[in-house]
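Input: a single structure, listed below in structure tokens.
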Amino acid sequence: MIDLLYFAWVRERVGAPRERLETQAATVMELIAELKQREERYAWAFGDLTSLRVAVDQELASFEAPLAGVREVAFFPPMTGG
Amino acid sequence: MIDLLYFAWVRERVGAPRERLETQAATVMELIAELKQREERYAWAFGDLTSLRVAVDQELASFEAPLAGVREVAFFPPMTGG
Amino acid sequence: MQVSVQSEPFDLGVLTSAFAARVAGAGAVVTFTGLVRDNDGQLAAMEIEHYPGMTEKAITAMVDQATARWSLADALVVHRYGRLAGGEAIMMVATASRHRADAFAAAEFLMDYLKSRAPFWKKELSADGSAWVAAREEDETALKRW
Amino acid sequence: MQVSVQSEPFDLGVLTSAFAARVAGAGAVVTFTGLVRDNDGQLAAMEIEHYPGMTEKAITAMVDQATARWSLADALVVHRYGRLAGGEAIMMVATASRHRADAFAAAEFLMDYLKSRAPFWKKELSADGSAWVAAREEDETALKRW
């Protein structure tokens with residue numbers, strides 16, 4: 001089981017701040033592909049990967065990051081702190 | 001008549017913060033030469049020109065600056081503000 | 001080092017004074033403060049979302065990096081989340097060092113990283129509605145200099 | 001624009017708060033504060049001499065230059081002269097802009113010019129005696145980048 005977290009407009013498009021998922025996806029990219037096939041709202045949230053960022057267990061990661069042993073994956077737009 | 005002002009260790013070496021002088025010097029450099037010949041304390045203050053700065057009428061100037069019409073010349077070491 | 005991620009407003013003057021007092025002797029203190037910006041004369045309100053858990057960890061890592069890279073006597077980062085009114089302080093960074101070059105460089109480094117690598121997202125609220133603030137190309141470019 | 005050359009102490013926190021309040025909407029505020037430095041654990045006192053008449057003129061010209069070069073909502077320079085105790089604030093610079101790059105650049109520019117082109121001279125006073133602070137090579141070099 002992986003905790004999925006969504007922030008900012010990714011959260012708004014998905015329609016929830018978090019959910020738990022049982023997945024066989026080996027990488028973040030495979031997870032995204034799986035989610036996009038589930039429902040239209042995921043396809044909308046994950047449509048443009050260039051404006052999507054990902055954190056794996058609270059560290060920024062690439063879409064190729066492996067998911068073995070991972071507890072938490074977060075998706076969000078480019079950060080706008082400061 | 002020109003007002004001469006001295007600051008920091010230039011003031012300490014000359015032994016006074018200011019004085020008035022009647023001079024025929026055409027440039028700052030000529031003025032320095034004139035002062036150095038007057039007394040030992042001036043020779044001491046103006047001995048090392050690389051560590052001397054000059055302002056003519058309250059604007060930083062070069063040693064070649066002309067003195068025609070000038071009212072105030074200040075001598076001091078490199079500034080250490082901030 | 002002091003890192004605070006908070007919803008409560010902070011007093012810029014009090015924090016700046018306290019920081020300068022505790023690094024007394026460092027010589028140089030630089031602060032940066034981000035305020036909710038005026039858009040064409042109209043002060044906007046702002047809603048800031050963040051990623052609890054990751055945020056403090058990410059900021060602490062940035063401060064550690066800055067401390068390793070420059071000679072700092074101390075560093076402080078305060079960043080708010082939640083609803084902010086126009087003109088309110090969003091965040092501040094303070095750095096102290098013996099010489100100004102280090103304090104300035106570390107403050108700019110921290111700001112560049114906070115802008116693009118700390119998990120905050122700003123939404124501007126105005127009479128016309130609300131909109132997520134888009135990341136600026138320049139902010140991503142700014143990271144390349146470090 | 002606010003330029004003050006004064007012997008009285010100033011309250012860094014109060015000035016920083018007031019500056020940020022009056023530029024509210026600018027978005028980015030940078031401050032630099034110079035403190036009487038600690039030398040090997042011993043806080044030194046300092047005597048600062050300046051050139052009355054030229055000092056404010058020179059600083060105002062620097063602020064004018066900064067304002068012409070960067071997009072600033074406001075700028076402030078306060079510099080003390082006379083006798084200062086260890087840990088006291090010697091001077092501060094504050095700049096405000098819509099974006100942080102301008103505020104940082106203008107503050108660094110002002111600091112570089114204040115260091116080497118504003119007519120102040122610092123004398124450090126310690127138990128061993130007193131000595132004029134020597135200008136640093138790096139401070140002269142720093143001017144070349146502008």
Is there a donor in the side chain of C:S97 and an acceptor in the side chain of C:S71, or the other way round, less than 3.5 Å apart? no
Region of D:D11 in contact with chain C, defined by heavy-atom distances below 4.5 Å: side chain
Flag if over 12 foreign heavy atoms under 6.0 Å of CD, C:E137: no
Ring center gap for C:W70 and C:F109 short of 6.0 angstrom: yes
Looking at chain D, which one of C:V14, C:T16, C:T31 has the largest number of heavy-atom pairs inside 4.5 Å, strictly under? C:T31
Would you find a donor on one side and an acceptor on the other, under 3.5 Å apart, between the side chain of C:S130 and the backbone of C:L125? no
Chain C heavy atoms under 4.5 Å from D:A28: which part of the residue, side chain, backbone, both or neither? both
Do you know which of D:M92, D:R136, D:E108, D:R100 has the most heavy-atom pairs with chain C at a distance under 4.5 angstrom? D:R100
Looking only at D:V23, D:L12, D:V93, most heavy-atom pairs under 4.5 Å shared with chain C are made by D:L12
Nearest heavy-atom pair of D:V29 and D:A96: which atoms, and what distance? CG2-CB, 4.2 Å
Heavy-atom pairs under 4.5 Å with chain C are the metric here; pick the option from D:H99, D:K115, D:E138 that has the most. D:H99
Quick one: does D:R83's side chain have a donor or acceptor within less than 3.5 Å of a partner on D:E47's backbone? no
D:A107, part contacting chain C, at a heavy-atom distance under 4.5 Å: both
